[in-house]
Amino acid sequence: MENRKLIKIATAGSVDDGKSTLIGRLLYDTKSLTTDKLEAIEKTSKQRGFDYLDFSLATDGLVAEREQGITIDVAHIYFNTDKTNFIVADTPGHVEYTRNMVTGASTSQVAIILIDARKGVIEQTYRHFFISNLLRMGHVVVAINKMDLVDYDEDVFLKIKEDFEALAEKSNFKPEQITFIPISALKGENIAKKSDLMSWYLGNTLLDHLEVLEPADLEENGPARFPVQYVIRPKTEAFHDFRGFSGTLYGGNLKVGDEVTILPSFTTSKIKSIQFFDKEYTEATPGAAITITLEDEVNISRGDMMVKSAEVPNSEKSITATICQVNNKPLRPGQKYTLQHGVNRVLAKVESIKTRIYADFSGEEPTEQLKLNDIGKVNLRLSKAIHFDPYEINKSNGSFILIDEGSFDTVSVGFIE
Amino acid sequence: MSNLLIPNPKEAESIHILREVAAQFERPVLLFSGGKDSITLVRLAQKAFYPARIPFPLLHIDTGHNFPETIEFRDQLVEELGLELIVRNVQDSIDQGKVTEERGRYASRNTLQTTTLLDAIEEFKFDACIGGARRDEEKARAKERVFSVRDDFGQWDEKNQRPELFNMLNGKIEQGQNVRVFPISNWTELDVWEYIKTENIEIPSIYFAHKREVFFRDGMIWTANEHVFREEHEQVEEKMVRFRTVGDMTCTAAVLSEARTLDAVVDEIRASTISERGARIDDKRSEAAMEKRKKVGYF
C-alpha cells in the first residue's frame, strides 16, 4: 500500500439535507464511481423521472433503504485522492438514530455536519454537534448545503455561521477546530471545484479542506498506553524462549530501553525489543500493532496494560461515565454487565444513574433508566480495577462498551470522566 | 541507529482484528479461496503472530470448478508456510443430495458453496470464520460489521447488527452461533493491490495477462471450459486476458489485458473505471443479489 495519509470522516445530516447526495458527489468528483455503478445510477434516476443524477443511490445499500429512500444503518464508503485515503462512515441523521452517529463518529476523526441553507441551524444540528462534542472529534466541518436554493447568498451563509458559533460556545471545541463551507452538493459547488457563483467565499473547497487536515493533529497526544492483546510464544527451536507481548499502541511513543510498569501487577521492567513482523525497531508511534519483549521474565496476560513507569494511569474499581445506550434494552440501576475496556473485560454493576443528558446542550434531568439513544451519567462498580485515562485525554483508554450477559449484545458505550 | 515505526493504519487495524480473533475464539478458521484477498489475509496473519505460526487452519470450500492455477498455488502456499489446510467439496454436498446442481446457461456452483461451508462449520465446530470480504466491494457489504454474528443457520440479520464502537470487538456468542470476521473490511481493491506490490506477495498466475480460450456473452468474457455451459453458437476465441477477482470459473469473468507484471496490473486497476464486482457474474442476477445471498449464510 502506498503511504497515503488516512482521514476518517463521519457525516451527519438527514436525507433532506442531501447527505447521500454529498457523498455521491465526493465519489463522483474524485472519480471513485466506476462506470458500471454510474450507469446503474443513471438508469435508476431516469426510471424515477429525475432530470439529474441521484447520487444518493450510490450509498444506500440495503433493500429496505432503496425502497423507503432512507438510510438506516452506518455504511462505510471509500475514496482517495493522490495524497489521501478517505473512509466515510455515513450515519443516518434522523432523531432516533443517535446510536448510529455515535457508532460512526467513534471510528472517525472528522465530522461533517450538513445544514440545509434554507432551514439554518435546527434541533437536529444541535444533536449532531452535541455528539461530535461528546466524542471529542478532532475537527468539525459545517457544510452549509443547498446554497443553489438560496441564490448563493452570502448573508444566508453568514447568518447560519453566526448561529452555529453561538452554539459552539457551549462546546469544548476551539474555534480553529470548526470550519464553515458553503456548498451545493447537487450542483458540485465548492466540493472539488471552487464555486464561481460564491466568489465571496475565500476558503478552501470541501475536498481541499479535507486534504490539508493532518491525522496527527486530529488524534490525541499524551501518555503511551499498550494494552496486551495476545501473548506470543512460538515454542519452536529457533524461538525457544521467545515471549512477546502483542497489541496496538495508543497515545504516545514507546522506545527500546523505556522503563515500563505492567498493570494490574505493578511489576516493572525495561523494553528489550519492539518488533513488527520480522523487523526490529527502536521506537514505535501510536497506532502501531507491535510485539514487545521485556528484559525480565514478567507474568503478563491478555488484558494487562504496559505503560511508562512515570506515566501510570488511574486505577479504580468505581467509575463515573457518560453512557450512550445503543440497544433496545434499557439500562437500569442494579443491572450487571460485562464491561469491555479496550481488550480487557471485567464485570460491572450499575450503582446509580445520575442524570439523563439532553443531547442538545439544554441541560439534564434525573432519570430511572436510560433507553435506546439516551445519553446519561452513571456510576459503575467493577469486579476488578481498570486502568484508565479520562476520555478527554486518551480516547482508547477512556472508553468502554457494556455487553449484556444474556444476549451478549453490545448495549452501551461509555466515556470515562 | 534509531529507526522509528510509523504504521500503515489499515494494515495495523487488520492485525489488531486478527489478534482479537485468536484471543476471543476457541476454534477460528481462515476461509481461503486462493484469491488475492485471502492471500493478503494470510500475509497479515503471518505478521500478526510472528515469530509464532498462524494459530488457525485454512478452510477451502472447493466447488470443483476452480482454476487449476489457484489450487496449485494454494497447495504451494500451505506447504511453504507450514499451515494446516482443510478442504471440503461442493461435489460431496451434491452427492449427498443436500444441494442440486444448477442447469442451463448460467449454471454455477457458487450459491451451492453455502451449504458445504455451513456443514464444515458444524463439523469442525468453528466459532469464527475469517474472510477477505471488503466493504468497498458491494453495497450490501458496506454495512457489514468486522465481527458479524451468524445464527445456527448461518443467517445474517442486517437490521439487528451489533454496533462496533472504536476498535472494541465483541466476540461473545451463544452456543451454535458463529462469527464471520472481516479483517480487511476497510481496504479498497487498490489498497490490496498496492499492498501485494509493496510486500512483494506472490499471487496465482491467472491474475496476470495470459492467453486463454474464451467466449463472449452479455458483454462479459467467459472461460471456455467443460465446467462452463456454452451454447453452440457462442464461439470460442483465444484472447489475452487476466482475472481481476478469482472465484470459480462459472462466476468469474475475465478482462482483456496486457498487464503481465504487478506494476502493470496496479496501473491498470488505478486507471480502471469498472468496479471489480462488475466482472462477477453472480452479482448480475439482480440488484440485491449479494444481500439475498448473505442473508442465507453466503460467504
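Letters A, B, ... are given to chains in the order of the sequence lines, protein chains preceding strands, and every chain is numbered from 1. Worth knowing before you read on, the calculation uses all heavy atoms, side chains too, and leaves out hydrogens, waters and symmetry mates.
The environment of A:Tyr28 atom OH is sparse: at most 12 non-hydrogen atoms of other residues, nucleotides or ligands sit within 6.0 angstrom. Residue A:Gln47 places its CD atom among more than 12 non-hydrogen atoms of other residues, nucleotides or ligands, all under 6.0 Å distant. Around atom CG of A:Asp278, more than 12 heavy atoms belonging to other residues, nucleotides or ligands sit under 6.0 Å away. At most 12 non-hydrogen atoms from other residues, nucleotides or ligands lie less than 6.0 angstrom from CD of B:Glu202.
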Verify side chain to side chain contact (heavy atoms under 4.5 Å, CB included) between B:Phe166 and A:Phe400, making sure each step is shown before the conclusion.
-> CA-CA 9 Å; B:Phe166 300 94; A:Phe400 61 83; over 6 Å; no
Given side chain to side chain contact (heavy atoms under 4.5 Å, CB included), test A:Ile87 with B:Lys10 step by step and report yes or no.
-> CA-CA 11 Å; A:Ile87 302 179; B:Lys10 290 193 183 185; 4.2 Å; yes
Start with the C-alpha gap between B:Leu5 and A:Gln275, add the side-chain angles, then the distance that decides, and say whether side chain to side chain contact (heavy atoms under 4.5 Å, CB included) holds.
-> CA-CA 9 Å; B:Leu5 172 61; A:Gln275 314 187 356; over 6 Å; no
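With a 4.5 Å cut-off on non-hydrogen atoms, B:Ser185 touches chain A through its backbone but not through its side chain. For chain B, no part of A:Glu39 is nearby; none of its heavy atoms comes within less than 4.5 Å. With a 4.5 angstrom heavy-atom cutoff, A:Asn253 touches chain B only via side-chain atoms. Within the 4.5 angstrom heavy-atom criterion, only side-chain atoms of A:Thr338, from C-beta onward, approach chain B. In this structure, the portion of B:Glu164 lying under 4.5 Å from any heavy atom of chain A is its backbone and not its side chain. For a residue to count as touching a neighbouring chain, one of its non-hydrogen atoms must lie under 4.5 Å from one of that chain's; by this rule A:Pro215 does not touch chain B. Contacts of A:Val102 with chain B are made by both backbone and side-chain atoms, with heavy-atom separations under 4.5 Å. With a 4.5 angstrom heavy-atom cutoff, B:Arg53 does not touch chain A via any of its atoms. For a residue to count as touching a neighbouring chain, one of its non-hydrogen atoms must lie under 4.5 Å from one of that chain's; by this rule B:Glu13 does not touch chain A. Contact of B:Gln46 with chain A is made through backbone and side chain together, with heavy-atom distances under 4.5 Å.
A donor-acceptor pair shorter than 3.5 Å can be found between the side chains of B:Asn186 and A:Tyr78.
Looking at every heavy atom in both residues, B:Pro163 comes nearest to A:Arg99 through CD-NH1, 4.1 Å. Shown here for B:Pro51 and A:Pro234, the closest heavy-atom pair between the two residues is CG-CG, 3.6 Å. The two residues B:Arg19 and A:Thr291 have their closest heavy-atom pair at NH2-OG1, 3.4 Å. Shown here for A:Ala289 and B:Ala12, the closest heavy-atom pair between the two residues is CB-O, 3.8 Å. In this structure, A:Tyr281 and B:Asn3 approach most closely via the heavy-atom pair CA-OD1, 3.0 Å. Closest non-hydrogen pair, B:Lys172 versus A:Phe408, comes out as O-CB, 3.4 Å.
Here A:Tyr230 and B:Phe49 bring their ring centres to under 6.0 angstrom of each other.
The distance from the CG atom of B:Leu18 to the OG atom of A:Ser246 is 11.0 Å, given to the nearest 0.5 Å. The line from OG1 of A:Thr248 to NE2 of B:His16 is 5.0 Å long, rounded to the nearest 0.5 Å. For the atom pair CE (B:Met168) and CG (A:Asn344), the distance works out to 11.5 Å, reported to the nearest 0.5 Å.
At least one side-chain heavy atom of A:Arg345 sits under 4.5 Å from a side-chain heavy atom of B:Asn170. In this structure, the side chains of A:Tyr250 and B:Asn167 come closer than 4.5 Å at one or more pairs of heavy atoms.
Distance alone, capped at 3.5 Å, is enough to place a donor-acceptor pair between the A:Gln340 side chain and the B:Leu169 backbone.
Your options are A:Glu280, A:Lys255, A:Lys235, A:Arg302, and the one with the most heavy-atom pairs under 4.5 Å with chain B is A:Arg302. Residue with the most contacts toward chain B among A:Thr236, A:Ile290, A:Ile274, A:Val326: A:Ile290 (heavy-atom pairs, distance under 4.5 Å).
Checked options A:Leu135, A:Ile401, A:Thr107; the residue passing with B:Leu165 is A:Ile401 (criterion: side-chain contact (heavy atoms from CB on, under 4.5 Å)).
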